[in-house]
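One structure below.
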Amino acid sequence: MMSHLRIPALLLLLVGALSAQNPVEVVDLPGNAPLSLAAVGTPESLRLDLVVNPDWHLYARDVGGGVPVSITLREESDYRAKGPIILPTSADGTLTGSFSISVPLERVGKGTRLEASFAFMACDPLACLPPMSVTLRGDLAPRRVLLVVGAIEAREKGMADFLRSRGFVCDLTTYGDVTPAACEAHDVVLADSRLFGQLKTKIATAKALPRTATPIVAVGFLGTELIEAHGLAMTSGYI
Amino acid sequence: MDHLGHGLALDHAIFRRPFPATFEWTELPRQKEHEGFTSPLHPRGVGETLRLAAFETGKPEVPNPTLVAHEGFFTDVPGFENLAEGHSAKVLGSLSLARQGRYFYWGYAIDPARMTAGAKDTLCNVLHYMIGFRGEETVPFVCKTRESLRTFTWLGRETGYRRGLEEHIPGSLTPKWRETWVPTWEGLDAWMAKHLPYVFSGKGPEHAGERYKTIYEVDEDAMALGTPNGARASLERWMALAGGEGEDAARARRCLARYVLPEIAPADGKWDVWYARYRDRIVFVESAGFWWREDPRILERERRASAAGAPTSPR
């Protein structure tokens, strides 16, 4: 039976899975660190995914020799730790192979900037490397996607709902209605296309998608047309 | 192109962050159309089998577009990222996921009812990835690269399609060069070997047509000098000759005018001073009009540094 203590943790994980998972940059990982490290964050949690090389280990807790892993939120960060670091279970106090660690966050600043450091000590059966530290840096603001479609029907609403379920703020509009201001106001434009012959808009209307500084992810048949119309080589080989 | 992809650049961020993408894979025997060919994501060709990732739950009712991305076709754009090939019955080298500047091409459905779990994660990663490219500059598209002429050589031989040989290639040349054309496979090989390194387009109305949008010409100056027009060694040779007298110097000056973008060319003709300043900043891009021009990646880095208040261009 699941303990009472585990329920909040499970809820936290589920909420985390539904919130925007923003990439967090890992800065200055030493070249001799025997591991790979990726980080993602939400306004509620920072997660590190580690893969420690075979024969090497980190420390989950003080076992009398190595320095345990730690995550420290820096003063300039708009977030601080809301609770202790969450580590995988380890009977002998070491961390090996692939695993994730996380720390719950709460926003304390006016912005959405995350600045943190991750410290660890890596050891093999014979010796330890000096303690190492990396910087973790990212923007945890929800990402705003403008989904541009031929016509807003059940399929298109389902696409918007899917993106929202992955933590994006998603606004839905049509090729006929989209404006330059709407594009500029979003982090990325997702320009949809149904299959050729099933389009819900004129090709010329899709090609007239505003030129914008906002990145555009162009999909399928209409995507080839609008990219070519915007003067890029990328779809010049379309056949 | 159907619902499958291959040659995926699985180490790229779009397959890893923030959602590690996991695909269902199928393995099929190498297609006959792939034998003897390479592509940007299969630089050594396809092995005995082709490993395919499913992006959609089944084959679409209507094929997705096929974007032919053979080496040099338009992948000479600096910073171009070719991240997956679509499964095409026609050819190897049909890109399905790619980025140029602030544009990303997604060649599959984004309907969650059709997307596989791997495609859903990848699409979300693409959206996160692209957010970092706001305002990103790239080079304009002016004409197809010379590689599109070569397409008709292998396509014709593979399929017996002779219209490329007899109609499309000569139709894609300026009138003078049509007269040099011998419409046989042997004639094609000989013409390509002799002329292709000196082919260019994109300079004026004579290089654009109604039926064949890109019309190619052969550079007699570059050919006479033995300087293939896209090679850096040729640029350096033209600069070395340009200050002299005689026919070779005149040819070199015409080549410099033809291939160094006017906006960056030296007004005073001091090519040595110009090259010292531009050597590490320029690239030759056929699809942008067969020009030596500033690398958009460098310009973009400088634009961002300038916006951040850092020192900018050495110019």
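From a predicted model like this one, the values you see are computed outputs, not experimental measurements. Letters go in sequence order (proteins before strands), and every chain restarts at 1.
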Output the option from [options] having the highest count of non-hydrogen pairs under 4.5 Å with chain B.
options                      : result
A:Met159, A:His230, A:Glu228 : A:Met159
A:Ile216, A:Asp192, A:Thr235 : A:Ile216
A:Val217, A:Val188, A:Ile227 : A:Val217

Give the member of [options] that has the highest number of heavy-atom pairs under 4.5 Å with chain A.
options                               : result
B:Glu136, B:Lys120, B:Arg16, B:Lys144 : B:Lys120
B:Phe80, B:Tyr103, B:Trp106           : B:Tyr103
B:Ile131, B:Thr138, B:Leu123          : B:Ile131
B:Phe133, B:Tyr105, B:Tyr129          : B:Tyr105

Under 4.5 Å from any heavy atom of chain B - which part of A:Glu225: neither
Toward chain B, the part of A:Leu232 with a non-hydrogen atom under 4.5 Å: both
Option from A:Thr212, A:Thr214, A:Asp187 for which side chain to side chain donor-acceptor pair (under 3.5 Å) with B:Arg134 holds: A:Thr214
Over all atoms of both residues, closest heavy-atom pair of [X] and [Y]:
X        : Y        : result
B:Glu61  : A:Gln198 : OE1-NE2, 2.9 Å
A:Arg166 : B:Cys124 : CG-SG, 3.5 Å
A:Pro215 : B:Met130 : CG-O, 2.9 Å

Contact origin within B:Arg99 toward chain A - heavy atom pairs under 4.5 Å: backbone
Structural part of B:Met1 lying under 4.5 Å from a heavy atom of chain A: neither
side-chain hydrogen bond (donor to acceptor under 3.5 Å, both in side chains) against B:Ser172, all qualifying residues, sequence neighbours excluded: none
Qualifying residues under side chain to side chain contact (heavy atoms under 4.5 Å, CB included), relative to B:Arg163, sequence neighbours excluded: B:Tyr161, B:Glu167, B:His168, B:Arg211
